[in-house]
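Just below is one structure, and these are the notes that go with it.
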Amino acid sequence: MEEYLRIGLMGSASTGKTTISKSLSQDLNIELHGEFESTMLKRLIKRGIIENSTAFTPDQSREFQQRAIGVREKFSERKNYISDRTAGELWVYHKKYRTECSSQEELELFRDRCLKVMSKYTHLFLFPFGQIPLENNGWRNIDSFYQREIHTEIEKMLLDFQVPYIQLKEEKFSVDERLQEILKWIKK
């Protein structure tokens, strides 16, 4: 294995990233940096600061995005870790939901910060969509159209950022089979 092991798992919602990241973290005995943006949103809603996940004022949106990328930047300095959401996906969601809240200069700076974090991964894996049944977890209700749209935007981001990544096979795998697929790539 390499001196540094920085693994990023990417994909739209309900593709298995969180489940696999937990297993991978245990198997490799390295720290998991889980997706925390949803938790931040839930807290803001619970405190009554925003009504829902799309009800940000421009200043709230800016503050949220700056905090999210700041956390990812700090974590990216660690020697070994696994992320079940990457800064690249933060950029994808920012472009989808928050572009109108940012000036061109802010967008370019935010993009550059996301790219800098993305360039620190030793391994990036893109999960296929449509392999796991979709369900409403009370927080988000996604459908196959939304899943495909986000996946396509992630692929565009990867081309734009020009970072190497591995597209995982579009087959229905058990957790252990998907884990083994990823481990083979890491141990090459």
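The chain is numbered in sequence order, starting from 1.
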Considering all heavy atoms, the nearest Glu3-Lys79 contact: O-CE, 3.3 Å
Is it the case that more than 12 heavy atoms not belonging to Lys120 sit under 6.0 Å from its NZ atom? yes
Where do Ile20 and Phe127 land on the side chain to side chain contact (heavy atoms under 4.5 Å, CB included) test, with the steps shown first? CA-CA 10 Å; Ile20 295 297; Phe127 280 63; 3.9 Å; yes
4.5 Å side-chain heavy-atom contact, Trp91 and Phe110: yes
Is it true that, when you exclude Asp112 itself, more than 12 heavy atoms of the residues, nucleotides or ligands shown sit nearer than 6.0 Å to its CG? yes
Can you tell if the side chain of Thr39 reaches within under 4.5 Å of the side chain of Arg43, non-hydrogen atoms only? yes
Centroid-centroid under 6.0 Å between Tyr81 and His33 rings: no
Please answer whether the main-chain N or O of Lys169 pairs with a side-chain N or O of Glu181 as donor and acceptor at a distance below 3.5 Å. yes
Do NZ/NE/NH1/NH2 and the carboxylate oxygens of Arg111 and Asp160 come within less than 4.0 Å? yes
List the residues meeting side chain to side chain donor-acceptor pair (under 3.5 Å) with Glu63, not counting sequence neighbours, and say none if there are none. none
Smallest separation among heavy atoms of Arg6 and Glu77, with atom names: NH2-O, 3.6 Å
Within the 4.5 Å heavy-atom criterion, are Leu28 and Ile186 side-chain neighbours or not? yes
Side chain to side chain contact (heavy atoms under 4.5 Å, CB included) with Phe75: of Glu73, Arg72, Arg78, only one passes, and it is Arg78
Any side-chain to backbone donor/acceptor pair from Glu35 onto Glu37? Under 3.5 Å, distance only. yes
Between Ser21 and Leu9, which heavy-atom pair has the shortest distance, and what is it? CB-CD1, 3.6 Å
Would you check if the side chain of Gln60 reaches a backbone N or O of Thr57 as a donor-acceptor pair within less than 3.5 Å? yes
How many angstroms lie between atom OG1 of Thr122 and atom OH of Tyr4, to the nearest 0.5 angstrom? 11.5 Å
Please evaluate residues Ser83 and Tyr121 with respect to the criterion side chain to side chain contact (heavy atoms under 4.5 Å, CB included), reporting the C-alpha separation (whole Å), side-chain torsions for both, the decisive distance (0.1 Å), and the verdict. CA-CA 10 Å; Ser83 291; Tyr121 286 105; 3.2 Å; yes
How long is the span from the OH atom in Tyr165 to the CE atom in Met118, to the nearest 0.5 Å? 10.5 Å
Starting at NE2 of His123, measure out to CG of Leu24 and round the result to the nearest 0.5 Å. 10.0 Å
Mind listing the closest non-hydrogen atom pair of Asp84 and Lys17 along with its distance? O-CE, 3.3 Å
Same cluster or not: are Leu109 and Leu90 linked, directly or through other Ile, Leu, Val, Met, Phe, Trp or Tyr residues, by side-chain heavy atoms under 4.5 angstrom apart? no
Does any part of the side chain of Leu158, heavy atoms only, come nearer than 4.5 Å to the side chain of Met10, both counted from C-beta? yes
Quick one: are Ile30 and Ile82 in side-chain contact, heavy atoms under 4.5 Å? yes
What closest approach, in Å, do Glu170 and Pro128 show between heavy atoms, and which atom pair accounts for it? CG-CB, 3.5 Å
Side chain proximity check, Lys22 to Leu32, heavy atoms < 4.5 angstrom: yes
If only side-chain N and O atoms count, and only distance matters, is there a donor-acceptor pair under 3.5 Å linking Gln65 with Arg113? no
Chi angles and distances behind the side chain to side chain contact (heavy atoms under 4.5 Å, CB included) call for Ile7, Asn80: CA-CA 8 Å; Ile7 302 167; Asn80 298 303; over 6 Å; no
Verdict with reasoning, Tyr93 to Ile154, per side chain to side chain contact (heavy atoms under 4.5 Å, CB included): CA-CA 9 Å; Tyr93 288 109; Ile154 291 170; 5.7 Å; no
Do His94 and Leu107 have side chains that get closer than 4.5 Å, going by heavy atoms? yes
Test side chain to side chain donor-acceptor pair (under 3.5 Å) on Thr152 and Glu149 and set out the steps. CA-CA 5 Å; Thr152 300; Glu149 178 186 12; over 6 Å; no
Is there side-chain contact between Leu41 and Phe64, with at least one heavy-atom pair below 4.5 Å? yes
For the backbone of Ser174 and the side chain of Glu177, can you confirm whether one donor and one acceptor N or O come within less than 3.5 Å of each other? yes
Identify the heavy atoms of Ile69 and Cys114 that sit nearest to each other, and give their distance. CD1-SG, 3.8 Å
My understanding is that only residues two or more places apart in sequence, or in another chain, count here; which of them pass side chain to side chain donor-acceptor pair (under 3.5 Å) with Thr19? none
Look up atom CD in Glu89 and atom OG in Ser12, then write down how far apart they are to the nearest 0.5 Å. 9.0 Å
I'd like to check the side chain to side chain donor-acceptor pair (under 3.5 Å) partners of Asp59; sequence neighbours left out, ordered by chain and number. Arg62
Any chance you could measure Leu126, atom CG, to Thr86, atom OG1, to the nearest 0.5 Å? 9.5 Å
